[in-house]
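Excluded from the calculations below are hydrogen atoms, water molecules and symmetry mates; all remaining heavy atoms, backbone and side chain alike, are included.
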Amino acid sequence: MPAVTADTLALPRIAALPETGTTWRPVARVVTAHRQLEGEGFVVRRPFPGADLALADPFLLLDHMGAVEYAPGEAKGTPWHPHRGFETVTYMIDGAFEHQDTTGGGGLITDGATQWMTAGAGLQHIETPPEQLVVRGGLFHGVQLWVNLPAAQKWVPPRYQDIEAHDVALLASDDGASLIRVIAGELDWHAGPGVTYTPITYLHATVAPGSRLRLRWPPAFNALVYVLAGRGHAGVEDRPLDEGQLAVFGAGDAIVLRATVAQPLAARRGWEVLVLGGLPIREQVARYGPFVMNTREEIIQAVQDFQAGRMGTVPVARMPHRTSADEPAQPPDR
Ligand code: MN
C-alpha cells in the first residue's frame, strides 16, 4: 500500500470532462511486463522496452521493483555503473533506496519520494537498499523510469531533483473518490514538482474500487497506463488490465480507467496505476546498456569514455559494495 495517502474529499478535484466534444483515446495494445534480473540480482518487471522501441517515446524503459517483503539479508541493489544521454526517475512507493554518484550527489529515496537524475553527458552511480533494510528485511516497492533526452540536450551536465513525498501535488478525481499524485508535469492546470527537459506528465493514481477515473490528456502526448497493483479496465472499450500490464493508448484528448469492485489485498485502497505521457522526441535512437544516444559512433565513444575513466571516478569512501575494479568491461544495464 503506497506510503502517500490522503483524504480525497479534502483535496482539490480535477474538472469533470464534458459529455460531448471529448475524444476518448482507444486502447491500441496491452503489453504484459517481462521479468528481468537486474543489478546484483533483484527481479524487476519491465513493460518496456519490448519489441517496438518507438512504442513509449519519449520514455525508454520502465522497471517495476517489487512490491516485495524482503527477508533479512535478501535486499539487493546495483554495482557502480555509468549512464549517458537520458534521465532516470526513481519513485519509491514504499521502502527506501540509497544512491551515490561520481559528481558527489546522493541521498536516501524513501516512502513516496522521487529522485530525478539527469545523466546528460555522463556519470557513474550506485543504487542500493539502505543497510537497515538489508539487515532487517522489509517492504520494498518502487519504479524506475528512463526519459530520453533530445540530441541537443544529451550533453547537459548531470543534474538532480530530490522530490520529497510532501512535494507531490495531490488531487482528487471529479467524483472525489480517487487519489491522483502528480509527480511531474501538469494535470488540469495543477503542476507537479518534477522539472523535465522533455515535456511529460507522470501520475500515480489510486482508483477507488468500482470508480472511474477520467483524465484530460494533451493530444500531442502519448498515453501509457501501467498497473502497480490490483485490477481494472482501460478505455471506453473496457479492456481488462491487471497488475504488471501496460495499456498503450491511441490518439485523442482524454483517457478513462475503471477499477474493478473486488480488489486483491495489495490494492485494497484501490487500483494502483501509473499514468505516463510525453511529447515524442522522434529522433534516431542508438542504445547500448546504460547509454542512449542518437548514433552508433556516439555509443562507441560512450563505451570508450567509460573505459578510459572519463565518466567520473568512484569515490574512495563509497558504499560497502563492489568496486569499479570488479566491474565487467561491458557495463550492465542499470
Ligand atoms: Mn542506474
Side-chain angles (χ1 to χ4, degrees), residues 1-5 8 25 27-38 42-52 55-56 59 61-71 74-76 89-95 97 111-112 114 138-146 173 177-181 183 202-215 222-249 255-277 334:
M1 207 169 67
V4 175
T5 59
T8 53
R25 288 176 178 248
V27 176
R29 60 202 278 192
V30 169
V31 176
T32 299
H34 61 276
R35 281 174 195 271
Q36 173 101 14
L37 212 55
E38 268 306 319
F42 59 95
V43 176
V44 299
R45 280 181 281 186
R46 184 173 290 175
F48 60 83
D52 182 0
L55 177 129
F59 306 113
L61 173 144
L62 182 66
D63 273 354
H64 182 194
M65 308 175 280
V68 57
E69 188 75 41
Y70 279 126
E74 239 181 33
K76 292 184 174 67
V89 185
T90 308
Y91 171 43
M92 284 309 300
I93 298 154
D94 280 297
F97 219 26
D111 287 338
T114 298
L139 181 59
F140 183 83
H141 193 198
V143 282
Q144 188 173 92
L145 174 72
W146 290 11
S173 53
S178 301
L179 173 64
I180 307 161
R181 305 162 188 84
I183 296 165
Y202 185 3
L203 313 176
H204 169 198
T206 304
V207 188
S211 292
R212 279 190 170 74
L213 179 63
R214 301 172 183 89
L215 303 170
N222 64 351
L224 307 169
V225 171
Y226 177 75
V227 182
L228 297 167
R231 51 182 72 109
H233 296 81
V236 282
E237 60 270 65
D238 245 8
R239 283 277 289 274
L241 201 66
D242 287 352
E243 179 176 324
Q245 289 190 309
L246 174 83
V248 182
F249 286 81
I255 58 179
V256 60
L257 303 169
R258 179 174 68 85
T260 302
V261 174
Q263 292 288 345
L265 195 60
R268 59 192 178 278
R269 280 181 177 268
W271 189 32
E272 303 290 350
V273 294
L274 297 180
V275 188
L276 300 166
R334 280 192 40 188

side-chain hydrogen bond (donor to acceptor under 3.5 Å, both in side chains) with [X]: which residues, sequence neighbours excluded?
X      : result
Thr90  : Gln144
Gln263 : none
His64  : His141, Tyr226

Determine all donor-acceptor pairs shorter than 3.5 Å in which one atom belongs to a side chain in residues 228-237; sequence neighbours excluded.
{"residue": "His233", "atom": "ND1", "partner": "Arg258", "partner atom": "NH2", "Å": "3.3"}
{"residue": "Glu237", "atom": "OE2", "partner": "Val27", "partner atom": "N", "Å": "2.8"}

Task: Set of residues satisfying ring-ring contact (aromatic ring centres under 6.0 Å, His included) with respect to Tyr70, sequence neighbours excluded - done: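 Partners of Tyr70 under the ring-ring contact (aromatic ring centres under 6.0 Å, His included) test: Phe140.
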
Task: For Tyr91, ring-ring contact (aromatic ring centres under 6.0 Å, His included) partners two or more places apart - done: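 ring-ring contact (aromatic ring centres under 6.0 Å, His included) check on Tyr91 returns His204.
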
Taking every non-hydrogen atom, the tightest pair across [X] and [Y]:
X      : Y      : value
Ala3   : Gly112 : CB-N, 4.3 Å
Ala177 : Ala208 : O-CB, 3.4 Å
Ala223 : Arg25  : CB-NH1, 3.8 Å
Ala67  : Arg45  : N-NH2, 4.5 Å

[atom1]/[X] to [atom2]/[Y] distance, rounded to the nearest 0.5 angstrom?
X      : Y      : atom1 : atom2 : value
Glu243 : Glu272 : CD    : CD    : 10.0 Å
Leu224 : Leu274 : CG    : CG    : 10.5 Å
Leu213 : Thr206 : CG    : OG1   : 10.0 Å
Leu276 : Asn222 : CG    : CG    : 8.0 Å
Leu61  : Trp146 : CG    : CH2   : 5.0 Å
Arg269 : Ser178 : CZ    : OG    : 12.5 Å

TODO: Inspect the surroundings of CZ in Arg239 and state if more than 12 heavy atoms from other residues, nucleotides or ligands are less than 6.0 Å away.
DONE: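 More than 12 within 6.0 Å, yes.
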
TODO: Apply side chain to side chain contact (heavy atoms under 4.5 Å, CB included) to Phe42 and Asp63, showing your working.
DONE: CA-CA 11 Å; Phe42 59 95; Asp63 273 354; over 6 Å; no

Flag side-chain contact, heavy atom, 4.5 Å: [X] against [Y]:
X      : Y      : result
Tyr202 : Val89  : yes
Thr8   : Ile180 : no
Thr32  : His34  : no
Arg181 : Val4   : yes

Open item on the list: If only side-chain N and O atoms count, and only distance matters, is there a donor-acceptor pair under 3.5 Å linking Arg212 with Ser173?
Closed with: no

Task: Worked check of salt bridge (Lys or Arg N to Asp or Glu O under 4.0 Å) between Glu38 and Lys76 - done: CA-CA 9 Å; Glu38 268 306 319; Lys76 292 184 174 67; over 6 Å; no

Task: Check: Arg35 main-chain N/O paired with Arg46 side-chain donor or acceptor under 3.5 Å - done: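 Judged by distance alone, no pair lies under 3.5 Å.
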
TODO: Could you walk me through whether Val44 and Leu37 pass side chain to side chain contact (heavy atoms under 4.5 Å, CB included), step by step?
DONE: CA-CA 6 Å; Val44 299; Leu37 212 55; over 6 Å; no

Task: side chain to side chain contact (heavy atoms under 4.5 Å, CB included) assessment of Leu246 paired with Leu55 - done: CA-CA 11 Å; Leu246 174 83; Leu55 177 129; 4.3 Å; yes

Open item on the list: Could you go through Leu203 and Val273, starting from their C-alpha distance and side-chain angles, then the distance that decides it, and tell me whether this counts as side chain to side chain contact (heavy atoms under 4.5 Å, CB included)?
Closed with: CA-CA 8 Å; Leu203 313 176; Val273 294; over 6 Å; no

